Structure formats: structure tokens, C-alpha cells
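As C-alpha cells, the structure follows; a few thoughts come after it.
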Amino acid sequence: MIRAVMPCIGTALAWRETARGFLASATPPEAISWDDTTVQGRLFDEHQTRPPDRTITVPRAFLSMANTVVWHSDPARFARLYAFLWRLRDAPHLMTDRGDRDLAVLRAMEKNVHRCQHKMKAFVRFRETGDRDDARRSFAAWFEPTHHTVEPTAQFFVRRFADMNWQILTPGISAFFDDGQLRFEQDVPRPDLPADAGEELWITYFRNIFNPARLKVQAMQSEMPKKYWKNMPEAAAIPDLIAQAPERAREMTRAAPTLPPARLAAIRAQQATNVSAWDGSHEELPAAIRACTRCALHRSATQAVPGTGPKDAALVIVAEQPGDQEDLTGRPLVGPAGQLFDKVAAEAGLARTDAFVTNAVKHFKFVPRGRQRIHQRPNASETEHCRWWLMAEVAQVQPRLILALGATAALSLTGDGADILTRRGRTETGPRGLPVLITVHPSWILRLRDADRRSEALNFFRKDLELAVRLSQMSGCDSTSTAD
Ligand code: URA
């Protein structure tokens, strides 16, 4: 019996190379005993990994699955993978055989690991361990994953917290990110982490988003399993919230508050004229936006994305909020919607570099799903909080015209985010009495499946942008100009 011992750090690469060596030497699965280094030594021959002596081709789909399954906590994972790989040599079609039981087991393990990675991304709670004034702030979190997911998930945290030093400590492998360098260590003792000021905020935030009328205890526990609760400050509030939910839901029904129409009209009027009281300089504004914590969106976004462009532009273009790519690069409208905007703008003769481009909401709002961050439209309160910054940008640039792309921008600029399709192509009065030309958001066009509707939408979007060019070049523009 040959003993193959896999390291707990760099496991994926080690398993691949070892398996490749065994395949090349035609070593059958039953001749190998796979262990990881957490298993105490037994009486087997030590196996030295040796380089393959012939090229082995393995289906890409298997490699991708193996790269995930190696992080499963089942000690039999390496043996299962190799036994399947052994069978694949003569039957490559096995990778697509839905009836194959070995494959089904591996696929289920793969799914478990993905789920565990998802939980890790959602439930790691950092505490600040350094000085808030340090150039790179320092954070640490204690987390207890079900599988060995620290290493394969670490890059997510590197991207998200690139400008901080952080540690994710676990009972197995811990990740350390210091001055931009990522490293892993095994068996780091559990530290005594400080409770931090952010914990109260988490609890308050959780209490506020908790809707007793929509409580489904089972669904909630499957989404946020109990085993993670002990390391999540907000979980302390859950038992009480569940116990009080029926009474709070009944109270909500009894109270059923509605906003009297007169008050709504007053709020809208106030929104349409409200001017930000920001009184800093041009140079200070982007930094102030980046430091914003006015609403909860700053917690999960990578960074706030201030507007860019000439500070004396005749045209301010306002989109909705940063998307995935904008959140990572810190620049507005650079992802797929921005690329469509650039294309149509070029056709319409609108030079983007002459305009000041920004968003109604400065932080990316999303829900994590698997490896993706799925865009969520900002709600009215988030839009209202961020209006402070949009108004400050508009006040500094003092454009001739503002172009509102879609409902969120229209809401922020005119107090009304409804009926964009009937309002588009016309100007309305916005902040500081400036004309706001309403049009659709390019991501709405990207979502249109029907080719005719999409081409119709592109045509009127182009016309709206042409009108924006004309109006922003005029010395004064009235508030009813139309594109059609
Ligand atoms: N969508 C927007 O509304 N703004 C961006 O910056 C990117 C996508």
C-alpha cells in the first residue's frame, strides 16, 4: 500500500500533481491510501510525489470539480476523486453521466464546499484590532467553517479588503493578509478578539431589517445556520426577534401606517429643491464621499464611487449606482451598462470626457449569490441619504443640464422615479432649478430580450443623448424640450 499524504495548505495543487504521478505510473486506486496531514501517521509506505513520465489529459470539467472537492472535510475525498479519475481514463463521457453514483457523490461534495464558501463570505465578522488612524487598518475574525474553505475563499476577501490588513482565523487553516501579501498558517490558537463598536451597529441594523411579518424560521436557519451564530454579533438578537415576531406582526397590521398624500407631495417638493449643505472644496468632495457611512450600504461595498469628469462640465450625467466593476475599480459607468452608454453616446456625438459622470447612489448594493454579487436596486431611503452627495456634486459643477439615466436618478433629481418610459425625452425641473432630461438606464436596454424592442429602445436612447448634447450646448434650456 502506498501512502499519499496531502498538505493542508496548497492541497489542490498537491493532490493534482500526486494524482497525475499515480496515473502516469498506472497505480490503481486500491494500491493507495490517501491522508491529509491532520491524520496521525499510520503504518504505510511513505509516498514521494514524482513528476509524471507521460502527458495525461484530463477533462477540464473534472479538474474544476476536483479543485473544489479537495477542500471538503470528508477524509475520503482524495480517494474518491482518484477512483473516479481512474475510471475516467477509459470513459471520458462519465463526466456527463447523470446516472453515475460516484459522480453524484462528488457533485454533492462540490456543492457543499460551494455552500460553505458562500457562508464564509456572508458570515465572517471582522473586529478591528489595530489603530483606526493607521494607514492600513487591521482586522481579525474568528470563523468555524464546515469544510476547508479558507484557502479557496481567501481571494474574495483580498479583493474586498485590499487596502486593509486582516486575518481570518479558524480551528484549521488561518489566512493572513498583511501589506498586500496573503499567507496561510495551520493550527493558529484562537485569539481573544475584542468586541468592537461595530457590533452594536450590526445588532441595530439586523433589528431594523428584520421583518416579523415575513418570518420563516426554517428558511432563516437554513440561510444562516445556527452553528455560525456564536461568531455573529447580530445573531444575539435572533431568539428575541423570533419570540416577539407574531405580536410585532399583529401590531404592524393594526397600525398599518400610510403616508397622507399631502405630506408626500410636500416631501417631493422639498426633495426637488433640497440643496446639500456640503461646504467643502472640490478637492475634498471625492474623499468625503469615499468616507461616507450615511447608510448601511457602505458595509458591504468595496468602496464608494464618486463622480468623475471636468468640474465645470456643461452636462452632468447621473446613473443609478455602481455595479460590480465600478465597485472594484472605483470609477462610475465602466461595466457593461457603461460600455453600452459609451457606444450610444459616441453615435449621438456626446463626448463622455466632456461630461461629469456620477451616480445617484455611491455604494454598490448587492446580494451575494455563489461567486457573484447580484445587483439590487437602491431603495428610496438609500437614494435619499445619498442625495446629499449628488446635490453637492451638482452644486460644484453647476452644469447647464443634468441627464438622468433611469428611475433612481430621476427620483433623486426630481422627487419622482415613476413612469420613466412616458417621461423620457423631456426635461423637468430639478435641483437648483436646473433642467433634468429624463431617459432610460442602459442596463434596462441590456435586459430587453426581444430584438425589436431592444433596437427601438436603442433608437430613442440615442435620440435622448443627441438632445442632451444640444441642450447642454445652449446657454439656457427650457424645461419641456423633447427628443421626438
Ligand atoms: N450602473 C449604474 O447605474 N452606474 C454605474 O456606475 C454602473 C452601472
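Along the sequence shown, the residues carry numbers beginning at 1. Everything numeric here is computed off the predicted structure, so don't read it as measured data.
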Open item on the list: Using the rule given for side chain to side chain contact (heavy atoms under 4.5 Å, CB included), can you reason through V316 versus L403, listing the C-alpha separation, both sets of side-chain angles and the distance that settles it, and then say yes or no?
Closed with: CA-CA 6 Å; V316 166; L403 176 64; over 6 Å; no
- [ ] Sort out for me which residue in H375, R377, K362, H363 forms a side-chain hydrogen bond (donor to acceptor under 3.5 Å, both in side chains) with Q321.
- [x] H375
Task: Identified side-chain hydrogen bond (donor to acceptor under 3.5 Å, both in side chains) partner of D102 from the options R87, R107, R80 - done: R87
Please check this pair: side chain of [X] against backbone of [Y], looking for a donor-acceptor N/O pair closer than 3.5 Å.
X    : Y    : result
R89  : W86  : yes
Q303 : L328 : yes
E151 : G10  : yes
Q376 : V367 : no
E326 : V305 : no
D327 : T302 : yes
S412 : A409 : no
T27  : L23  : no

Mind checking the [atom1]-[atom2] spacing from [X] to [Y]? Nearest 0.5 Å is all I need.
X    : Y    : atom1 : atom2 : result
H72  : T146 : NE2   : OG1   : 9.0 Å
D36  : I9   : CG    : CD1   : 12.0 Å
F366 : R373 : CZ    : CZ    : 5.0 Å
D342 : E347 : CG    : CD    : 11.0 Å
R371 : T153 : CZ    : OG1   : 9.0 Å
I445 : L458 : CD1   : CG    : 5.0 Å

Open item on the list: For I317 and F356: C-alpha separation, side-chain torsions, deciding distance, then whether side chain to side chain contact (heavy atoms under 4.5 Å, CB included) applies.
Closed with: CA-CA 6 Å; I317 299 168; F356 185 86; over 6 Å; no
Does a side-chain heavy-atom distance below 4.5 Å link [X] with [Y]?
X    : Y    : value
M109 : V105 : yes
E144 : T170 : no
R115 : K119 : yes
N359 : P322 : yes
P332 : T308 : yes
L448 : E456 : no
H148 : C8   : no
V318 : L413 : yes

Grab the two heavy atoms, one from [X] and one from [Y], that are nearest each other, plus how far apart they are.
X    : Y    : value
P336 : Q325 : CD-NE2, 3.9 Å
A140 : L169 : CB-CD1, 4.5 Å
P28  : Y82  : C-CE2, 4.2 Å
L405 : H441 : O-CD2, 3.5 Å
R16  : L63  : CD-CD2, 3.7 Å
P171 : D187 : O-OD1, 3.8 Å

With a cut-off of 3.5 Å and sequence neighbours excluded, list every side-chain donor-acceptor pair involving residues 156-165.
unit_1: R160; atom_1: NH1; unit_2: S300; atom_2: O; d: 3.3
unit_1: N165; atom_1: OD1; unit_2: R136; atom_2: NE; d: 2.8
unit_1: N165; atom_1: OD1; unit_2: D179; atom_2: N; d: 2.9

TODO: Could you walk me through whether D100 and F84 pass the side chain to side chain contact (heavy atoms under 4.5 Å, CB included) test, one step at a time?
DONE: CA-CA 10 Å; D100 189 89; F84 190 72; 3.5 Å; yes
TODO: State whether a side-chain donor-acceptor pair under 3.5 Å links T149 with H147.
DONE: no
Task: E185 and S174: CA distance, side-chain angles, deciding distance, side chain to side chain donor-acceptor pair (under 3.5 Å) verdict - done: CA-CA 5 Å; E185 282 181 26; S174 298; over 6 Å; no
Open item on the list: Run F139 and W166 through ring-ring contact (aromatic ring centres under 6.0 Å, His included) and show every step you take.
Closed with: CA-CA 5 Å; F139 295 84; W166 50 259; over 10 Å; no
- [ ] Take I32 and F78, measure what side chain to side chain contact (heavy atoms under 4.5 Å, CB included) needs, and give me the verdict at the end.
- [x] CA-CA 10 Å; I32 311 166; F78 302 127; over 6 Å; no
Open item on the list: Does the Lys NZ or Arg CZ of R352 fall within the cation-pi geometry relative to F341 - under 6.0 Å from the ring centre and within 45° of the axis?
Closed with: no
Open item on the list: On the six-membered ring of W389, is R387 placed so that its NZ or CZ lies under 6.0 angstrom from the centre and within 45° of the ring axis?
Closed with: no
Using residues 288-298 as the side-chain source, report each donor-acceptor pair under 3.5 Å to any protein atom, sequence neighbours left out, with the distance given to one decimal.
unit_1: R294; atom_1: NE; unit_2: H385; atom_2: O; d: 3.2
unit_1: H298; atom_1: ND1; unit_2: C295; atom_2: O; d: 2.8

TODO: Show your working on ring-ring contact (aromatic ring centres under 6.0 Å, His included) between W444 and F461 and close with a plain yes or no.
DONE: CA-CA 11 Å; W444 173 79; F461 187 48; 9.3 Å; no
TODO: Please determine if E382 and K365 form a salt bridge, counting it only when a charged side-chain N lies under 4.0 Å from a carboxylate O.
DONE: yes
Open item on the list: Do the side chains of D131 and R137 get close enough for a salt bridge, i.e. N-O under 4.0 angstrom?
Closed with: no
Open item on the list: Students often mix this up, so state it plainly: with edges at 30° and 60°, are the rings of F22 and W34 parallel, tilted or perpendicular?
Closed with: perpendicular
Open item on the list: Just checking R453: does its CZ atom have more than 12 heavy atoms from other residues, nucleotides or ligands closer to it than 6.0 angstrom?
Closed with: no
TODO: Please indicate whether E30 has more than 12 foreign heavy atoms, meaning atoms of other residues, nucleotides or ligands, lying under 6.0 Å from its CD.
DONE: yes
- [ ] Applying side chain to side chain donor-acceptor pair (under 3.5 Å), run through E17 and W15 and close with a yes or a no.
- [x] CA-CA 6 Å; E17 303 217 317; W15 184 84; over 6 Å; no
Open item on the list: Tell me every residue that passes salt bridge (Lys or Arg N to Asp or Glu O under 4.0 Å) with D419, counting only those two or more places apart in sequence or in another chain.
Closed with: none
- [ ] List the steps, then state whether salt bridge (Lys or Arg N to Asp or Glu O under 4.0 Å) holds for R462 with E466.
- [x] CA-CA 6 Å; R462 188 178 313 104; E466 282 165 2; 5.5 Å; no
